[in-house]
Amino acid sequence: MNVLHVVGARPNFMKSAPIIAALSYRGVTNVLVHTGQHYDPEMSDAFFDDLGLRDADVHLEVGSASHARQSAMVMERIEPVILERAPDLVVVVGDVNSTLAAALVCAKLLVPLAHVEAGLRSFDRTMPEEVNRVVTDQLSDLLFITSPEAEDNLVREGVAPERIRSVGNPMIDSLERHISRARSRSRVLDRFGLDGTQYGVMTLHRPSNVDSPDVLRGILEAVRDVAAELPILFPAHPRTVNELRANGLSKLVEIGATRAERGEVACVEPLGYIDFLRLMLDARVVLTDSGGIQEETTVLGVPCLTLRSNTERPITISQGTNRLVGSDPDAIRREALAVLAAPMPAPSRPPLWDGKAGERIADEIASWGAARR
Ligand code: UD1
């Protein structure tokens, strides 16, 4: 069997890595295509190194552009690759523009498509990712879901139940595989003066939080107040740093900080997978608008405050450590202080988040392939 995998942006790499490893073990030929949606070394190469993911076979080098242009470039450049490689199945993960673009090309070429992390819904169509999720799921032949409510969402949208497979969460496979190395090898706590110190971590990159200067200012002022209680390390997405600089907000954080001090929000470059995992492991609180971090903090038992008004991952609230806070500064201050006053939560494992999702996905793909033959 010949399977083509598409990755493009930072949150894709840790989902594809365990699937590719499990398929390779079963003798499947894997072709890895990197669209180049993320291209800065710390947004891409660092993850390939940390995850032990071999270099992509094909680089499409699309780079940054508007959503339409970026998606169109992926479509235009991946079509000849799919035609030439003639895969039995294309596997896409997550909800980024590269995912949607590859899915559309497969549908047009009548190439079977599998979507990993299918059925997640925020029910907020102003999020670009929600559009990507809904369309990709409609076009997929095999839908691998990470949590039970995804099946209800898909069936409600008319997806045939026999296409849906409950397999667990491959992002947690990567976490399990690398956690001991993160503990023993990462020097990130020393590097920022956090060893033995209580600290918080923040990430922020959603357009709804960073593209409006007023919203971004409110969040940063609130988090600065929280930093009076404990240092906050803020590995910032390039998009966020651009917005900080363009809108005169750089003074609210310490850009390029070499140590994280109490009273400050230390804004540093994006971290690789192993260093960020190490940082989360001992964090007292994580503030984020990322999707994957809501899941990782649940398994690690670290309180997570999600700076969004909705989540496509409700299981991290019902069975995990996540709390929706939105972007209102008072709510951020209040909830963060409440977390700091409360005991640490216990780690939690939603069903099948056991480090074996990649194996299950590979088994499902193998039996799907056998049935087709
Ligand atoms: C994308 C995904 C989002 C995911 C996030 C993870 C979509 C619609 N969004 O958002 O779902 O959570 O990745 O990080 O696919 N940039 C760089 N270097 C890079 C990549 C981006 O400087 O390597 C800057 C550019 O200014 C670019 C901006 O970041 O315009 C946004 O990048 P883009 O890939 O369009 O979206 P993300 O915000 O990264």
Side-chain angles (χ1 to χ4, degrees), residues 3-16 19 31-40 43-44 47-48 56-85 87 89-144 153-154 157 159 205-211 237-240 242-243 270 289-292 308 312:
V3 177
L4 187 145
H5 304 261
V6 182
V7 292
R10 187 166 58 172
N12 295 160
F13 309 131
M14 58 290 255
K15 294 167 196 165
S16 292
I19 300 169
V31 174
L32 180 58
V33 177
H34 191 325
T35 67
Q37 176 172 347
H38 283 175
Y39 44 85
D40 282 344
M43 301 288 283
S44 179
F47 285 77
F48 275 70
D57 302 288
V58 183
H59 289 271
L60 303 181
E61 298 182 349
V62 300
S64 300
S66 71
H67 287 256
R69 205 171 145 70
Q70 186 176 59
S71 308
M73 280 195 288
V74 173
M75 289 180 70
E76 202 175 340
R77 294 181 191 186
I78 207 170
E79 184 183 51
V81 177
I82 294 177
L83 283 170
E84 187 202 331
R85 302 278 180 157
L89 180 72
V90 170
V91 179
V92 295
V93 296
D95 54 16
V96 302
N97 288 341
S98 302
T99 309
L100 167 76
L104 279 166
V105 172
C106 291
K108 299 287 181 183
L109 295 177
L110 304 180
V111 171
L113 177 71
H115 184 206
V116 175
E117 214 179 60
L120 297 185
R121 294 291 180 268
S122 65
F123 304 102
D124 174 3
R125 292 269 173 114
T126 66
M127 275 183 92
E129 294 82 1
E130 183 74 353
V131 178
N132 296 347
R133 292 179 198 119
V134 170
V135 177
T136 303
D137 285 340
Q138 283 298 322
L139 302 177
S140 296
D141 299 279
L142 272 175
L143 297 101
F144 294 118
N153 294 338
L154 291 170
E157 290 171 14
V159 174
H205 73 281
R206 296 268 164 223
S208 57
N209 281 333
V210 308
D211 288 3
H237 189 294
R239 170 190 203 116
T240 311
N242 292 343
E243 294 296 328
D289 58 10
S290 151
R308 289 172 45 192
E312 60 290 334

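The residues of the chain are indexed from 1 along the displayed sequence.
With contacts defined as side-chain heavy-atom distances shorter than 4.5 Å, the pair Val91/Val3 qualifies. Annotation: side chain of Thr99 is not in contact with side chain of Asn132 (no heavy-atom distance under 4.5 Å).
Scanning both residues, Ala114 and Phe144, for their nearest heavy atoms gives CB-CE1, 3.9 Å. Nearest heavy-atom pair, Phe48 versus Ala56, reported as atom, atom and distance to 0.1 Å: CE2-N, 4.1 Å. For the residue pair Glu130 and Ser122, the shortest heavy atom distance occurs at OE1-N, 2.9 Å. What you find for Gly119 and Asp137 is that their closest heavy atoms are N-OD2, 2.9 Å. Across every non-hydrogen atom of Gly36 and Val62, the tightest pair is C-CG2, 3.9 Å.
The closest donor-acceptor contact from the side chain of Glu129 to the backbone of Asp95 lies at 3.5 Å or more, if one exists at all. A donor-acceptor pair under 3.5 Å is absent between the side-chain atoms of Gln37 and the main chain of Val74, judged by distance alone. Side-chain atoms of Asp289 never come within 3.5 Å of backbone atoms of Arg308 as a donor-acceptor pair (strictly under, hydrogens ignored).
Here Ala103 pairs with Leu113, Thr136, Leu139 under the side-chain contact (heavy atoms from CB on, under 4.5 Å) rule; sequence neighbours left out. Considering only residues two or more places apart in sequence or on other chains, His237 meets the ring pair (Phe, Tyr, Trp, His ring centres under 6.0 Å) condition with His38, His205. Scored by the side chain to side chain donor-acceptor pair (under 3.5 Å) test, Ser44 finds His34 as partners (sequence neighbours excluded). The side chain to side chain donor-acceptor pair (under 3.5 Å) search around Asp141 returns none, not counting sequence neighbours. Here Asp40 pairs with nothing under the side chain to side chain donor-acceptor pair (under 3.5 Å) rule; sequence neighbours left out. Applying the side-chain contact (heavy atoms from CB on, under 4.5 Å) test to Asn153 and every residue at least two apart in sequence or in another chain returns Arg121, Phe123, Glu149, Arg156. By the side-chain contact (heavy atoms from CB on, under 4.5 Å) test, Asp211 pairs with Pro207, Arg239, Glu243, sequence neighbours left out. Take Thr35 and apply the side chain to side chain donor-acceptor pair (under 3.5 Å) test, not counting sequence neighbours, and it matches Ser98.
Summarising the geometry, atom CD1 belonging to Ile78 is positioned 13.5 Å from atom CE belonging to Met73; distances are rounded to the nearest 0.5 Å.
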Using atom types as modelled, flag every donor-acceptor pair under 3.5 Å from a side chain in residues 4-13 to any protein atom, sequence neighbours excluded.
{"from": "His5", "atom 1": "NE2", "to": "Asn30", "atom 2": "OD1", "distance (Å)": "2.8"}
{"from": "Asn12", "atom 1": "OD1", "to": "Gly8", "atom 2": "N", "distance (Å)": "2.9"}
{"from": "Asn12", "atom 1": "OD1", "to": "Ala9", "atom 2": "N", "distance (Å)": "3.1"}

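Applying the salt bridge (Lys or Arg N to Asp or Glu O under 4.0 Å) definition to pairs two or more places apart or across chains, those involving residues 99-118 are Lys15-Glu117, Glu117-Arg313. Every pair passing salt bridge (Lys or Arg N to Asp or Glu O under 4.0 Å) that includes a residue from residues 56-85 is listed here, sequence neighbours excluded: Arg54-Asp57.
For the side chain to side chain contact (heavy atoms under 4.5 Å, CB included) test with Val105, the passing option among Ile82, Val111, Leu83, Leu100 is Ile82; the others fail.
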